[in-house]
Amino acid sequence: MPGSESPSDLTPAQEERRRAILEAAERLFADGRFDEVLMEDVAEEAGVAKGTIYRYFEDKESLYLTVLTEGFEELQRQIREVASPDPVDRLEHTVRAVVRYMSRNRFLFRLMWRDESEAARRREHRRRWKVQRAQLVDAVAQVLRYGEERGAFAVPHLHTDAQILLGMIRSCIRSNEQGLGPGQIVSEVVRVFLHGVRKEPSRGDES
């Protein structure tokens with residue numbers, strides 16, 4: 001059956017071929033709209049026959065959604081890899097993981113934040129897409145919840161605040177007009193998210 005082979009069923013050579021197809025699709029979908037990318041284009045970019053793609057993916061939508069969901073899953077895994085008991089350390093780890101991943105995978109970064117209607121036309125694909133995005137937000141929310149439970153953070157709207165944090169990271173990477181490095185972006189996002197931009201009054205101002 002076309003597209004019936006799961007990654008766990010593949011030989012090392014088949015997994016390498018599948019990965020090449022995904023990486024080619026990632027680049028092409030990031031540069032063009034969904035409707036503009038043809039399976040022939042993906043095959044040429046990946047260096048395989050068009051028919052080979054259908055051994056791994058049912059159709060173009062399945063390929064597109066796999067690019068997105070596997071990227072989300074990897075990012076979530078990185079977010080959960082922190083062992084520090086300090087809430088601020090966990091927050092910095094989370095921001096660093098997102099910044100590092102998005103900086104290294106700019107094609108995927110551009111795909112992740114496009115209108116979901118472009119990524120998921122079918123009902124089952126739309127559901128899968130929404131689940132993946134919700135899981136990413138939830139992974140970040142759990143970091144904030146951890147800090148709140150330990151008295152370090154005040155998080156009145158947990159998932160909204162998680163979305164705000166992700167939005168800050170996205171904006172810094174997307175509109176990095178000052179050319180900040182990844183470490184500087186992490187520091188700025190954590191600083192503004194935790195403390196805002198309000199200047200603390202000096203002792204002379206308080207009198």
S.K.: Enumerate, atom names and distances included, each donor-acceptor pair closer than 3.5 Å involving a side-chain atom of residues 155-166, sequence neighbours excluded.
M.R.:
unit_1 : atom_1 : unit_2 : atom_2 : d
H159   : NE2    : D138   : OD1    : 3.1

S.K.: For R19, which residues count as a side-chain contact (heavy atoms from CB on, under 4.5 Å) partner, sequence neighbours excluded?
M.R.: E15, L22, E23, E70
S.K.: Report yes if some heavy atom in the side chain of S62 is under 4.5 Å from a heavy atom in the side chain of L65; otherwise report no.
M.R.: no
S.K.: Residues in salt bridge (charged side-chain N to carboxylate O under 4.0 Å, His left out) with E177, at least two apart?
M.R.: none
S.K.: Does Y146 reach the main-chain N or O of P85 with its side chain, forming a donor-acceptor pair under 3.5 Å?
M.R.: yes
S.K.: Rounded to the nearest 0.5 Å, what separation is found between the CZ atom of R96 and the OG atom of S187?
M.R.: 8.0 Å
S.K.: Got a sec, which residues hit side-chain contact (heavy atoms from CB on, under 4.5 Å) with Q184, two or more places apart in sequence or on another chain?
M.R.: L180
S.K.: Using the side-chain hydrogen bond (donor to acceptor under 3.5 Å, both in side chains) criterion, which residues pair with R145? Sequence neighbours excluded.
M.R.: Q142
S.K.: Return each pair, listed once, that meets salt bridge (Lys or Arg N to Asp or Glu O under 4.0 Å) where at least one residue sits in residues 74-83; pairs must be two or more places apart or across chains.
M.R.: E74-R77, R77-E81
S.K.: Contact between V189 and V99 at the side-chain level, heavy atoms closer than 4.5 Å - yes or no?
M.R.: no
S.K.: So V186 and R100, do their side chains get closer than 4.5 Å, heavy atoms only?
M.R.: no
S.K.: Could you tell me whether the side chain of K60 reaches within less than 4.5 Å of the side chain of F29, counting heavy atoms only?
M.R.: yes
S.K.: With rounding to the nearest 0.5 Å, note down the distance linking OH in Y101 to CD1 in I79.
M.R.: 11.0 Å
S.K.: Only pairs at least two apart or in different chains count here, so list each salt bridge (Lys or Arg N to Asp or Glu O under 4.0 Å) that has a residue in residues 40-52.
M.R.: R27-E45, E40-K50
S.K.: Report the residues that fulfil salt bridge (charged side-chain N to carboxylate O under 4.0 Å, His left out) with E188, sequence neighbours left out, ordered by chain and then residue number.
M.R.: R191
S.K.: Does V192 belong to the same Ile/Leu/Val/Met/Phe/Trp/Tyr cluster as I173, with side-chain heavy atoms less than 4.5 Å apart forming each link?
M.R.: yes
S.K.: Can you confirm whether L194 sits close enough to F153 that some side-chain heavy atom of one is under 4.5 Å from a side-chain heavy atom of the other?
M.R.: yes
S.K.: Would you please name every residue forming a side-chain contact (heavy atoms from CB on, under 4.5 Å) with V48, sequence neighbours left out?
M.R.: R17, I21, A43, A46, T52, I53
S.K.: Is there side-chain contact between Q135 and E73, with heavy atoms separated by less than 4.5 Å?
M.R.: no
S.K.: Kindly indicate whether the side chain of Y56, heavy atoms from C-beta on, has any atom under 4.5 Å from the side chain of L63.
M.R.: no
S.K.: Which residues pass the side-chain contact (heavy atoms from CB on, under 4.5 Å) test with S84, sequence neighbours left out?
M.R.: V82, D86, D89
S.K.: Got a second to check how far F193's CZ is from T94's OG1, nearest 0.5 Å?
M.R.: 10.5 Å
S.K.: Counting C-beta onward and ignoring hydrogens, is there a side-chain heavy-atom pair between L144 and L91 closer than 4.5 Å?
M.R.: yes
S.K.: For T66, what residues pass the side-chain hydrogen bond (donor to acceptor under 3.5 Å, both in side chains) criterion, not counting sequence neighbours?
M.R.: none
